[in-house]
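Starting from 1, each residue takes its place in the sequence as its number. Given the structure is predicted, the values throughout are model-derived calculations rather than measurements. Both ligands and their constituent atoms are indexed starting at 1 by order of listing.
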Amino acid sequence: MLHEKLSPVYDNVLRRNPGETEFHQAVREVLESIGPALGKHPEYAESKIIERICEPERQVIFRVPWEDDRGEVHINRGFRVEFNSALGPYKGGLRFHPSVYLGIVKFLGFEQIFKNSLTGLPIGGGKGGSDFDPKGRSQREIMRFCQSFMTELYRHIGEHTDVPAGDIGVGGREVGYLFGQYKRITNRYESGVITGKGLSFGGAQVRTEATGYGCAFFVDEMLKARGTSFDGKRVVVSGSGNVAIYTIEKIQQLGGTVVACSDSSGYVVDDQGIDLALLKQVKEVERLRVDVYAKRRGGAASFVPGRSVWEVPCEVAMPSATQNEITGRDAELLVRGGCIAVGEGANMPTMPEGVRIFQEAGVAFGPGKAANAGGVATSALEMQQNASRDSWTFEFSERRLAEIMRDIHGRCLATADEYGMPGNYVAGANIDGFKRVADAMLALGLI
Ligand code: NDP
Ligand code: 2IT
């Protein structure tokens with residue numbers, strides 16, 4: 001239910017952004033949570049803070065022409081939505097996936113505002129990407145696409161303006177090509193203009209691992225708050241990309257057994273626990289599909305094509321692939337199968353009906369904007385290291401990440417308590433993230 005002051009705001013968002021269903025969904029989820037904060041702080045509504053937050057500060061859409069290896073010309077569409085800079089330069093990743101359109105970029109940019117606020121670090125919210133499909137493309141095609149994309153994007157970004165990073169389809173390799181083209185065009189070695197860089201050219205220790213590790217730390221905190229831990233737990237992780245792989249790595253270090261993971265072709269079940277070295281070889285090094293993992297693992301694992309990984313029973317579920325991957329039915333299945341905790345490594349992977357089912361069943365539910373904030377938090381640490389021309393050790397960086405995740409977890413719980421919704425991490429994350437941005441916007445005047 002929406003607070004009476006928020007219904008017209010939401011209706012207006014629907015009217016002004018037709019067809020952008022993922023953006024509508026992300027806005028609604030935040031507006032449903034922040035009603036109590038408006039009751040306590042009438043100044044937010046008086047200054048139209050919510051209306052302002054729902055409208056991006058700037059949206060850039062551009063043409064990305066490139067040539068494939070056979071000489072054929074392709075035209076893709078590029079996006080950068082600079083949503084909110086009240087707390088710092090716009091910050092958020094770039095997604096290359098055929099499903100990308102303005103509604104996806106806006107949902108991700110909107111989520112990013114509150115996530116970045118929750119980290120407590122000086123970063124605003126933004127997101128970008130393209131409908132380019134990297135699957136089946138050669139390394140040289142990827143390079144040419146990244147160069148063309150940056151040839152337009154460079155004029156909109158900068159270490160004090162807007163700092164992109166990776167997301168789906170954009171990892172260390174793509175960040176390298178993007179940074180290389182930025183450097184070439186501007187003649188500036190401006191390390192802080194993009195994060196997720198390789199360690200040889202200004203990248204930070206633990207940034208590659210950060211989202212997955214951070215999500216595992218967050219769930220570990222949720223489990224501890226309930227008097228238990230990962231030790232001996234059966235865990236399912238969806239996806240097998242950057243977030244999934246490092247979620248699996250940390251869960252294994254914390255004593256859990258990850259019994260299944262997936263990609264868009266289907267899932268693998270491995271009851272003895274995923275062999276992480278093999279998974280990394282197949283997915284990170286050779287960039288193949290998960291069925292290859294099952295084949296090489298021999299009898300220990302099996303591949304199930306075209307089905308949802310959420311049919312595998314588990315005690316902890318870590319959705320780490322994409323938005324809206326857990327339906328209401330999946331949530332019911334998970335609850336029936338004994339699931340006690342969910343940590344969203346992906347952005348908005350659980351549909352609203354699924355969130356309701358988890359919460360009503362008493363499952364500890366860590367929403368993406370809290371649980372996966374370790375990635376962007378470590379990006380902010382990368383910016384800090386770039387600004388001081390310093391680089392920290394792996395151990396120190398991981399300790400910082402663990403502290404940040406503990407702090408976010410604690411603030412979500414404390415805020416949920418303060419507003420009379422104990423244990424509700426969704427309300428805690430939305431209200432706490434919102435208040436910090438809203439207070440900065442009030443202090444900055446009519447921006
Ligand atoms: P990757 O590109 O490394 O991996 C994505 C994984 O998810 C792949 O296994 C991919 O399978 C699967 N996937 C993607 N889209 C779909 C789809 N439509 N249907 C089924 N499977 C899909 O991306 P990341 O690991 O970086 O990102 C995963 C999620 O985490 C995203 O929601 C992203 O926004 C979020 N996130 C990422 C952060 C980061 O630092 N990278 C930080 C915070 C959140 P396939 O290869 O078959 O497409
Ligand atoms: O969704 C996310 O938080 C990211 N893709 C990471 C963004 C970043 O700037 O590191």
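Scanning the protein heavy atoms around atom 2 (C) of ligand 2, the nearest turns out to be K115 NZ, 3.3 Å. Ranking protein heavy atoms by distance to atom 7 (C) of ligand 2, first place goes to G93 N, 3.5 Å. Among all non-hydrogen protein atoms, the one lying nearest atom 10 (O) of ligand 2 is S379 OG, 2.6 Å.
Contact between R207 and ligand 1 is present, with at least one heavy atom of the residue lying under 4.0 Å from the ligand. At least one heavy atom of R95 sits less than 4.0 Å from an atom of ligand 1. Residue contact check for ligand 2: K127 places a non-hydrogen atom closer than 4.0 Å to it. Within the structure, the closest approach of E111 to ligand 2 does not fall below 4.0 Å when heavy atoms are considered. Contact between E325 and ligand 1 is absent, with no heavy atom of the residue lying under 4.0 Å from the ligand. At least one heavy atom of G166 sits closer than 4.0 Å to an atom of ligand 2.
For ligand 1, the atoms lying closer than 4.0 Å to a non-hydrogen atom of G345 are 30 (O), 35 (C), 36 (N), 44 (C). Ligand 2 places these atoms under 4.0 Å from at least one heavy atom of A165: 8 (C), 9 (O), 10 (O). Taking every non-hydrogen atom of G239 and a distance limit under 4.0 Å, the qualifying atoms of ligand 1 come out as 9 (O). Counting atoms of ligand 1 from 1 in the listed order, those under 4.0 Å from a heavy atom of S320 are 28 (C), 29 (C). The atoms of ligand 1 that sit less than 4.0 Å from any heavy atom of R289 are 45 (P), 46 (O), 47 (O).
In this model, no donor atom of one side chain and acceptor atom of the other lie less than 3.5 Å apart for Y177 and Q147.
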Taking only distance into account, with no hydrogens and no angle test, what donor-acceptor pairs under 3.5 Å do side-chain atoms of residues 392-406 form with protein atoms, sequence neighbours excluded?
residue : atom : partner : partner atom : Å
T393    : OG1  : F396    : N            : 3.1
S397    : OG   : T393    : O            : 2.7
E398    : OE2  : K250    : NZ           : 2.6

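Of the N or O atoms in N347, one or more lie within a sub-3.5 Å distance of an N or O in ligand 2.
Protein non-hydrogen atoms do not reach within 4.0 Å of atom 10 (C) of ligand 1.
Aromatic ring centroids of F62 and F149 lie under 6.0 Å apart.
With sequence neighbours excluded, no residue forms a ring-ring contact (aromatic ring centres under 6.0 Å, His included) with F217.
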